[in-house]
Amino acid sequence: MRRETIAIHAGYVTDPTTKAVAVPIYQTAAYAFDSADHGAALFDLTVPGNIYCRLSNPTNDVLEQRLAALEGGVAALTTGSGMAAIQYAIQNLTEVGTNIVTYPQLYGATYTLFAHVFHRQGVEVRLAREDSPAAVAALIDANTRAVYCESVGNPAGNISDIAALAEVAHRHGVPLIVDNTVATPMLLRPIEHGADVVVHSMTKFIGGHGTTMGGAIIDAGRFDWSAHPEKFAMLTSPETAYHDVVFTEQFGAAAFVAHCRSVCLRNGGATLAPLSAFLLLQGLETLPLRIERHVSNARRVAAFLREDPRVAWVNYAGFPDNPYHALGLRYLDGNFCSLMTFGVKGGFDVGRRFFDALMLFKRLVNLGDAKSLATHPASTTHRQLNAAELARTGVSPEMIRLSIGIEHIDDIIADLDQALEVAAGVATVSRATGAVPPARASAA
Ligand code: PLP
């Protein structure tokens with residue numbers, strides 16, 4: 001099946017008992033055992049089935065199968081948020097004294113987790129000088145357990161050379177973990193380019209309507225953990241955190257996700273609620289259509305901003321002179337994502353006036369909603385970072401990040417136009433709607 005069909009059908013056939021066509025919401029905390037032996041066999045992982053909703057749920061299971069099929073993996077695990085997925089994917093492979101290697105152009109909370117939280121727990125996160133495979137390779141040593149990147153970085157818009165990073169990681173006997181939130185499997189499937197594990201914030205495009213938190217981990221099922229038992233003993237030797245199960249023996253290609261579920265999720269507890277899984281399944285069904293509109297609207301907005309004399313710069317990989325253009329042609333097939341950053345002429349203060357004058361765009365910290373969204377990273381998502389860290393992560397003080405929604409393109413551009421006019425001091429009243437922009441209303 002093609003991705004458009006997988007997004008609607010994978011993982012579910014009409015329920016044989018109830019004939020329900022939509023995926024039912026299994027709103028239960030626990031599941032009954034047939035007998036003591038049945039319960040024991042479930043706990044031993046020797047028979048498949050549900051034990052307790054923190055570990056698994058039939059609604060979540062449909063979403064997990066659908067995500068695995070969409071990304072081209074063998075198994076998936078859903079979590080209560082994208083950050084939980086990232087945390088568990090790394091916790092699954094690391095212990096005190098080990099490290100992972102990545103680069104700093106990452107989503108703000110991921111950067112903070114990596115740079116300021118993990119090291120307190122004895123796991124070092126090495127940040128490469130720049131987002132090149134060579135800079136990453138230079139930091140890998142015998143204690144490295146994974147290479148990590150975002151396929152399309154938020155908010156810097158950097159596009160990772162996934163195949164080259166996978167080659168570097170594999171040459172050193174470690175897997176590549178890719179956060180594919182911004183691109184989504186509709187635009188890019190990292191596993192096809194060599195990634196071993198894919199993580200998602202489903203809160204964004206997959207849900208697509210700004211209603212539901214969720215995360216996911218997808219296992220490509222290709223990495224040979226048994227070839228490196230000295231590094232991945234948690235998967236290849238008896239796991240004391242789960243009564244000595246050897247995950248590579250019991251689960252074969254799906255060992256990574258099975259261990260993540262049985263150890264990280266079971267003991268960490270950031271489970272996706274079944275109702276959330278249902279809402280995210282609704283989102284997935286229209287993801288292919290929405291992405292088409294997100295991408296075409298973004299192309300028009302980028303062109304509008306670039307031509308506008310009130311705009312100082314626009315960072316959008318769709319421009320041929322953008323440093324990531326060639327990687328975008330290769331990995332996104334020219335369908336550059338709907339996230340972009342830009343700066344207005346006049347710097348921080350004019351930028352803030354622009355931000356406050358937006359009327360259709362929502363001012364918030366989120367992306368991937370059907371609605372058009374605007375964020376000022378330096379004062380919000382990246383606020384915890386000092387000036388040097390902001391520069392390293394690619395966030396300038398005046399930078400505004402836009403997530404272009406699926407409204408009519410003329411209305412999106414009209415809002416940007418009137419906000420630019422207000423910011424430049426030309427208009428005091430919104431040209432788009434005739435209303436007084438919020439900043440001026442509150443000033444009055
Ligand atoms: N990864 C990326 C690229 C993100 O943009 C975000 C959130 O913005 C996350 C992960 C974290 O996801 P969540 O907010 O669902 O925890």
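Atom set for the values below is all heavy atoms of this structure, side chains included, hydrogens, waters and symmetry mates excluded. Atoms within a ligand are numbered from 1 in the order they appear, just like the ligands themselves.
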State, without any angle test, whether Q282 and H209 hold a side-chain donor-acceptor pair at a distance under 3.5 Å. no
Are any of the N/O atoms in G82 less than 3.5 Å from those in ligand 1? yes
In terms of atom number and element, which parts of ligand 1 are under 4.0 angstrom from non-hydrogen atoms of S201? 9 (C), 10 (C), 11 (C), 12 (O), 13 (P), 15 (O)
Using the ring pair (Phe, Tyr, Trp, His ring centres under 6.0 Å) definition, which of the options W313, F354, F319 pairs with F342? F354
Relative to the heavy atoms of K204, which atoms of ligand 1 are at a distance of less than 4.0 Å? 6 (C), 7 (C), 8 (O), 14 (O)
Subset of ligand 1 atoms that lie under 4.0 Å from at least one heavy atom of I86: 10 (C)
So does D417 pair up with R310, basic N to acidic O under 4.0 Å? yes
Using 4.0 Å as the upper bound for N to carboxylate O, is an ion pair formed by R126 and D141? yes
heavy-atom search around atom 5 (O) of ligand 1 in the protein gives N154 ND2, 2.8 Å
Taking the minimum heavy-atom distance to atom 15 (O) of ligand 1, which of V152, T212, T203 ranks first? T203
At under 4.0 Å between heavy atoms, is it the side chain or the backbone of T381 that contacts ligand 1, or both, or neither? neither
Is D179 in polar range of ligand 1, meaning some N or O pair under 3.5 Å apart? yes
In terms of heavy-atom contacts, does CD of E307 have more than 12 from other residues, nucleotides or ligands at under 6.0 Å? no
Please state which protein non-hydrogen atom is closest to atom 4 (C) of ligand 1 and give its distance, to 0.1 Å? Y107 CG, 3.6 Å
Report yes if the side chains of Y107 and D179 come closer than 4.5 Å at any heavy-atom pair, otherwise no. no
Ion pair present between D356 and R353, side-chain N to carboxylate O less than 4.0 angstrom? no
Atom CZ of R171 with >12 non-hydrogen neighbours under 6.0 angstrom: yes
Return the closest protein heavy atom for atom 14 (O) of ligand 1 as residue, atom name and distance. M213 CE, 3.7 Å
Looking only at N/O atoms, are M83 and ligand 1 under 3.5 Å apart anywhere? yes
With a 4.0 Å cut-off on heavy atoms, does V365 reach ligand 1? no
